[in-house]
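Right, one structure below, let's go through it.
It should be emphasised that the depicted structure is a prediction, and the values quoted were computed from it without experimental measurement.
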Amino acid sequence: MAKASGFFTPSLRTKIQPSIGVSRSGFCLSEGIFKRVVCSSGIESAGTHVSSSQSRIPKLVNKGCKLVGCGSAVPSLSVSNDDLAKIVDTSDEWISVRTGIRNRRVISGKENLRNLAVEAAKKALKMANVEPDDLDLILLCTSTPEDIFGDAPKVLILLDAYLNSNLFMLWQSCKVQRELGCTKSQLAHDITAACSGFVLGLFSASCYIKGGGFRNVLVIGADVMSRFVDWTDRGTCILFGDAAGAVVLQACDAEEDGLLSFDLHSDGEGARHLGAPINDNENGSVLEFPPNRPSYACIQMTGKEVFRFAVRCVPQSIEHALEKAGLTASNIDWLLLHQANQRIIDAVATRLEFPPEKVISNLANYGNTSAASIPLALDEAVRSGKVKPGHTITAAGFGAGLTWGSAVVRWG
């Protein structure tokens, strides 16, 4: 495995440094070059029109942020292992023993990514008691958008339509934005990092709040992996499902900060082991004009290499995040990993000495939902009463890119 495992070797940290780290004291590079970053929201000059969202953002801020709401949504169609056994050579026992998965949800009919994202966002906003017009930013973490240029602005419009129960406007939302009553043009954009996307979304949201003066940020993790699955490949089609999850982050005093630390990494050398690349030009000519219309391949994964990457790199990342937060595993109430494979979850928990009763997992019911998996599992744990206000959680995402990252957060 000499060539295939370059990103598992000790030289990895040399190749990708400096990594990004964030702690309660501010933002810093691991090399210690920058000790703190303070951002300005822009320049306001006489005679320049400034919107309400801009005018309330201070030029210098020293804020914390906390998680105040969560929500999730899944498609109505449930596909069991027995259902998959009808179309590929597999069985319920074969899948469940190797992955821990028994069911997954798949979009059907008129369901799509935006609808799932909006439903999850609506629930998170309701829990947080935040109105759509009070949001300063929407971050949509997805690698399967309805629009290659990004879906976050459309989600903003759909969200307003849903919350105002205006179904006609909902259907026409992407064409008649101003008629929907959206009086603010909040920033909204996508983040593409596959299964690490939600952790990167949390990091970005904390930067906007702590360094940019934003007050309310909605982070959505949503993916419809079923569109990129080869349903004749039993090695991948058994793993993935569709879902959305969302959280609301809100500015607070620095001493109440609930996003305690981050540890983030990427390594492009491992991209060959997990991805959905664009298909090569069939004619093989880069000079042909006009270019052929592109298409994307189905998900391609080298399972053994991804497993080795996850069980090696994820525990290291969590340990670094805990160190930055000044905590140890014994201080953590819950371990919440990207729901990729139960064997990976168990291996990471064992290495970090987390007892099974402190590990959150809903993989059996939903499979790998990519960027949605962490917020989906978090929402179920919060609403069931398992995660309570004040509980400290260490979360980690890992996947295509290769990317991986960890966060230490406090709920509520």
Side-chain angles (χ1 to χ4, degrees), residues 16-43 53-54 56-70 121 124 128 130 134-142 150 152-153 156 186-193 196-221 246-266 317 320-321 324-325 371 374-375 393-397 401 403-411:
I16 64 173
Q17 288 294 341
S19 63
I20 297 175
V22 179
S23 65
R24 280 178 262 191
S25 60
F27 307 98
C28 62
L29 292 174
S30 62
E31 295 289 330
I33 298 173
F34 296 107
K35 296 300 182 184
R36 188 166 185 83
V37 175
V38 181
C39 301
S40 168
S41 63
I43 300 174
S53 63
Q54 290 174 321
R56 70 168 180 252
I57 298 175
K59 289 179 179 293
L60 296 175
V61 288
N62 184 20
K63 286 285 186 181
C65 60
K66 57 185 178 180
L67 294 161
V68 295
C70 60
V130 171
D134 291 329
L135 290 171
D136 300 303
L137 171 68
I138 294 177
L139 297 173
L140 176 58
C141 309
T142 184
L156 174 62
Q186 299 101 319
L187 176 62
H189 65 83
D190 289 17
I191 293 177
T192 303
S196 303
F198 182 74
V199 172
L200 297 183
L202 288 180
F203 172 72
S204 299
S206 70
C207 290
Y208 276 108
I209 292 174
K210 295 180 180 181
F214 285 50
R215 294 185 179 179
N216 295 299
V217 178
L218 174 66
V219 180
I220 307 169
V247 296
V248 176
L249 284 80
Q250 194 167 73
C252 62
D253 293 334
E255 56 269 21
E256 298 176 353
D257 188 19
L259 272 71
L260 308 181
S261 67
F262 291 88
D263 182 75
L264 309 172
H265 302 270
S266 64
S317 178
H320 294 156
K324 293 169 187 175
I374 292 176
I393 305 164
T394 183
T403 58
W404 66 102
S406 302
V408 179
V409 303
R410 183 182 300 113
W411 173 253

With the side chain counted from C-beta on, respond yes when [X] and [Y] share a heavy-atom pair under 4.5 Å apart, and no when they do not.
X: Leu249; Y: Asn216; value: no
X: Lys66; Y: Asp257; value: no
X: Val247; Y: Leu202; value: yes

Find the distance between [atom1] ([X]) and [atom2] ([Y]) and round it off to the nearest 0.5 Å.
X: Ser206; Y: Leu67; atom1: OG; atom2: CG; answer: 10.0 Å
X: Ile209; Y: Leu137; atom1: CD1; atom2: CG; answer: 8.5 Å
X: Leu139; Y: Phe198; atom1: CG; atom2: CZ; answer: 10.5 Å
X: Leu264; Y: His320; atom1: CG; atom2: NE2; answer: 13.0 Å
X: Cys252; Y: Lys210; atom1: SG; atom2: NZ; answer: 8.0 Å

Under 3.5 Å: donor-acceptor pair, side chain of Ser196, backbone of Thr403: yes

Nearest non-hydrogen partners of [X] and [Y], listed with the distance:
X: Ala205; Y: Val217; result: CB-CG1, 3.7 Å
X: Ile191; Y: Ser204; result: CD1-OG, 3.7 Å
X: Cys141; Y: Val219; result: SG-CG1, 4.0 Å
X: Ala325; Y: Leu260; result: CB-CB, 4.1 Å

Aromatic ring pairing Tyr208/His189, orientation class (parallel under 30°, perpendicular over 60°, tilted between): tilted

Any side-chain donor near an acceptor of the partner, Ser317 and Asp263, under 3.5 Å: yes

Residues in side chain to side chain contact (heavy atoms under 4.5 Å, CB included) contact with Ala128, at least two apart in sequence or another chain: Val68, Val130, Val248

Ala246: side chain to side chain contact (heavy atoms under 4.5 Å, CB included) partners, not counting sequence neighbours: Ala120, Ala124, Leu218, Ile220

Test side chain to side chain donor-acceptor pair (under 3.5 Å) applied to Thr394 - qualifying residues, sequence neighbours left out: none

